[in-house]
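Worth knowing before you read on, the calculation uses all heavy atoms, side chains too, and leaves out hydrogens, waters and symmetry mates. In listed order, ligands and their atoms are each counted from 1.
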Amino acid sequence: MQLFMRTAHELHDLMMKKEISAEELSKAVFDRIESAEDKIGAFITRTTENAFKRARAVDRQIQSGEKIVPLAGIPLAIKDNICTSGILTTAGSKILSNFVPPYSATVVERFDAAGAAMVGKTNLDEFAMGSSTENSAFFVTRNPWNTSKVPGGSSGGSAAAVAAGEAVCALGSDTGGSIRQPASFCGVVGMKPTYGAVSRYGLIAYASSLDQIGPLARDVTDCALMMNVICGHDQLDSTSAQYQAQDYTGFLRDDVRGMRFGVPEEYMAEGIDPAVRAVIIKAMERLESLGAIVEYTTLPHTEYALPTYYMIAPAEASSNLARYDGVRYGIRAEDAEDVIDMFMKTRSKGFGNEVKRRIMLGTYALSAGYYDAYYLKALKVRTLIKEDFDRAFEKYDLLLSPVSPTTAFRIGEKTDDPLQMYLSDVCTISVNLAGIPGISIPCGFVDGMPVGLQLMGRHFDEGTLLRAAYTFEQNTDYHKHYPEL
Ligand code: GLN
């Protein structure tokens, strides 16, 4: 198999055995980027020099007989809404098309300390608002399994890069499904950690009560290794939880005997493509054959999840995005008559249509006279949704569902109909509203396109999620399929 398609843990072993050097690995990945990028369009910025510098440093360590940590020298892609000191960070928006942050996000610092070789910054829907990466202000990213289809979103560049061999692993952010859904569409592993498990310092905020950073990887082991790097308290993020991060690889045991899985019937109902449903049912049977107990259950407030999310997320976004006014960050309109005119022209030119739509929705929902009827009501329903999960987890260790009602859709198919686009988030947003962890793992194909299986767990129970995901993976071979480019 090609070097650029191998997992981080395999590559680590090859480096330790001195069968390959980190520099050779970076070279293989950049050659791949050179040949694939025209078709895929995963990267907004490539950080070639940075990657080779890192790789050479790791090679020197290996040469001098030092032991290197698991992700040292591994080519890593970073979603372009995560700040990187001295490196362009656009959030996929014209308004930040010239923004070079003076500091790095905590997760970037941690990967740096682990010796990872950042290869570039990946494309996304503007400010992470979207489900297809088509809302990027710059270009569309294509799905490596079929380049007429979307890679999902908003972390579409990160997922496509990993699937296409343009990076070994990647970081994304997930506010309503933006790691899990592109992972599912591109046939890779993607995890949204518990709210508070990973520092968001340096993540360009979309909806702060929902945003989490998390890994995209080629298998569950790589996902666990990435979690080891990024999890844990950070005093720079006041929402980061005070908890002892663990060694997640300790949970990678091939065993789900006696584990109880609940399958919310609302997630398997009308609206889910029957072919996707059939793949999920096969996955349920597989887990049963491995000794798990799999039963249908209910999350009765599921039908309110979409309207609740599309009230709360835009409300928070309208507030978070108020800072882009041409004064401190990004572009400034030149031809303004006065300050107010400058604000208006900067924001009119700088933001794309979807971002404007959400700022208007959010501002409306928060305005005096409507606040109680919309925003406050949504917060109350959010609590009901969370309580559905609390009840389900009294009985089940994990919940199981599709990640998305369909496989990847065609580029352009939903761009004229925002509501259709929002509906594609129906299986992922509740996890964010409840703050719990969720993972997408490859579980089959429909017409040659990958299908993701979603597992959802209790707060801070990433260990159980990883164990079940690992067991499923070890007993199937979907993660070993690669797209032909
Ligand atoms: N698709 C959802 C939205 O548009 C989720 C995006 C995300 O998780 N960042 O808001």
Side-chain angles (χ1 to χ4, degrees), residues 78-82 91-93 122-137 141 150-159 170-185 190-193 195 198 200 203-216 305-321 351-362 365 378 382 403-406 408-409 413-415 417-440 452 454 456:
I78 295 189
K79 186 177 183 179
D80 209 22
N81 61 349
I82 299 176
S93 182
T122 56
N123 200 20
L124 67 157
D125 288 298
E126 185 174 2
F127 286 104
M129 298 176 189
S131 312
S132 68
T133 313
E134 291 164 296
N135 293 337
S136 165
T141 299
V150 302
S154 63
S155 313
S158 283
L171 282 176
S173 67
D174 191 313
T175 304
S178 276
I179 291 174
R180 290 160 288 153
Q181 186 255 24
S184 155
F185 281 12
M191 184 164 196
K192 183 206 95 78
Y195 186 79
V198 177
R200 296 176 308 155
L203 171 67
I204 294 178
Y206 161 18
S208 305
S209 77
L210 302 157
D211 299 337
Q212 263 297 281
I213 293 174
L216 290 128
L306 270 171
T308 302
Y309 173 87
Y310 277 101
M311 194 57 64
I312 291 174
E316 294 183 14
S318 72
S319 162
N320 273 326
L321 270 55
F351 290 135
N353 285 342
E354 183 60 29
V355 173
K356 286 179 185 161
R357 179 178 298 120
R358 295 196 191 194
I359 291 173
M360 287 189 275
L361 276 173
R382 179 178 189 171
V403 174
S404 173
T406 64
F409 41 89
E413 189 177 323
K414 297 183 201 271
T415 37
D417 190 346
L419 194 59
Q420 279 306 315
M421 195 70 95
Y422 299 169
L423 285 171
S424 69
D425 299 333
V426 61
C427 301
T428 48
I429 45 178
S430 294
V431 162
N432 302 75
L433 290 168
I436 59 175
I439 193 169
S440 171
Q454 176 169 244
M456 301 166 265

**Student:** Taking heavy atoms and a distance under 4.0 Å, where does Ser154 meet ligand 1: side chain, backbone, both or neither?
**Tutor:**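 Looking at Ser154 and ligand 1, just side chain atoms fall under 4.0 Å.
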**Student:** What protein heavy atom lies closest to atom 6 (C) of ligand 1? Include the residue and the distance to one decimal.
**Tutor:**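 Looking at atom 6 (C) of ligand 1, the protein heavy atom closest to it is Ser178 OG, 2.9 Å.
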**Student:** Nearest protein heavy-atom contact for atom 2 (C) of ligand 1: which residue, which atom, what distance?
**Tutor:**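 The protein heavy atom lying closest is Asp425 OD2, 3.2 Å.
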**Student:** Taking side chain to side chain donor-acceptor pair (under 3.5 Å) as the criterion, tell me which of Ser131, Ser136, Ser132 meets it with Glu134.
**Tutor:**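 Result: among Ser131, Ser136, Ser132, Ser132 is the only option passing the side chain to side chain donor-acceptor pair (under 3.5 Å) with Glu134.
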**Student:** Any idea which atoms of ligand 1 are less than 4.0 Å away from a heavy-atom of Gly176?
**Tutor:**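 By the 4.0 Å cutoff, the relevant atoms are 5 (C), 7 (C), 8 (O).
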**Student:** Give a yes or no answer on whether the side chain of Thr308 reaches the backbone of Arg382 with a donor-acceptor pair at less than 3.5 Å.
**Tutor:**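 Flag not set: sc Thr308 to bb Arg382 has no pair under 3.5 Å.
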**Student:** Cut-off 3.5 Å, side chains only: do Thr122 and Ser158 have a donor facing an acceptor?
**Tutor:**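 Side chains of Thr122 and Ser158: pair found under 3.5 Å.
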**Student:** Can you say whether the rings of Tyr309 and Tyr206 are parallel (under 30°), tilted (30 to 60°) or perpendicular (over 60°)?
**Tutor:**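 Judged by the thresholds at 30° and 60°, the geometry between Tyr309 and Tyr206 is perpendicular.
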**Student:** Short N/O distance, under 3.5 Å, between Met129 and ligand 1?
**Tutor:**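 No, Met129 has no N/O under 3.5 Å of an N/O on ligand 1.
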**Student:** Could you list which atoms of ligand 1 come closer than 4.0 Å to a heavy atom of Tyr206?
**Tutor:**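 That gives atoms 3 (C), 9 (N), 10 (O) of ligand 1.
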**Student:** Does Ser173, backbone or side chain, put an N or O under 3.5 Å from an N or O of ligand 1?
**Tutor:**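 By distance alone, the answer is no.
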**Student:** Please confirm whether Arg358 approaches ligand 1 to less than 4.0 Å, judged on its heavy atoms.
**Tutor:**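 Contact present.
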**Student:** Looking at every non-hydrogen atom in both residues, tell me the closest pair between Gly438 and Val431 and how far apart they are.
**Tutor:**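 That closest heavy-atom pairing would be N-CG1, 4.2 Å.
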**Student:** When you measure from the side chain of Ser154 to the backbone of Thr133, do you find a donor-acceptor pair of N or O atoms at a distance under 3.5 Å?
**Tutor:**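 Looks like no, no N/O pair under 3.5 Å.
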**Student:** Give a yes or no on whether the backbone of Cys427 and the side-chain of Gln454 come within a donor-acceptor separation of less than 3.5 Å.
**Tutor:**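 Such a contact is found between Gln454 side chain and Cys427 backbone.
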**Student:** Identify the closest protein heavy atom to atom 5 (C) of ligand 1: which residue and atom is it, and at what distance?
**Tutor:**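 Atom 5 (C) of ligand 1 sits closest to the protein heavy atom Tyr309 OH, 3.3 Å.
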**Student:** Return a yes/no value for Asp174: is any of its N or O atoms, backbone included, closer than 3.5 angstrom to an N or O of ligand 1?
**Tutor:**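 Asp174 vs ligand 1: no N/O contact under 3.5 Å.
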**Student:** Check whether Glu316 reaches the backbone of Ser208 with its side chain - one donor and one acceptor, N or O, closer than 3.5 Å.
**Tutor:**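 Here the side-chain-to-backbone pair exists.
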**Student:** Please check if the side chain of Asp80 supplies one atom and the backbone of Gly92 the other of a donor-acceptor pair under 3.5 Å.
**Tutor:**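 Not a single qualifying donor-acceptor pair exists.
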**Student:** Distance under 4.0 Å to a non-hydrogen atom of Gly130: what atoms of ligand 1 satisfy this?
**Tutor:**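 The list of qualifying atoms is 1 (N), 2 (C), 3 (C), 4 (O), 6 (C).
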**Student:** Heavy-atom pairs closer than 4.0 Å: do any link ligand 1 to the side chain of Phe127, the backbone, both, or neither?
**Tutor:**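 Answer for Phe127: neither.
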**Student:** Are the side chain of Asp125 and the backbone of Asn135 linked by a donor-acceptor contact shorter than 3.5 Å?
**Tutor:**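 Judged by distance alone, yes, a pair lies under 3.5 Å.
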**Student:** With a cutoff of 4.0 Å, is Ala313 in contact with ligand 1, counting heavy atoms of the residue only?
**Tutor:**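 Per 4.0 Å heavy-atom rule, Ala313 does not contact ligand 1.
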**Student:** Quick check on contacts: which atoms of ligand 1 are under 4.0 angstrom from a heavy atom of Tyr310?
**Tutor:**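 So the answer, numbered in order with elements, is 1 (N), 2 (C), 3 (C), 4 (O), 10 (O).
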**Student:** Numbering the atoms of ligand 1 from 1, which are under 4.0 Å from a heavy atom of Ala128?
**Tutor:**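 Matching atoms, with element in brackets: 6 (C), 7 (C), 9 (N).
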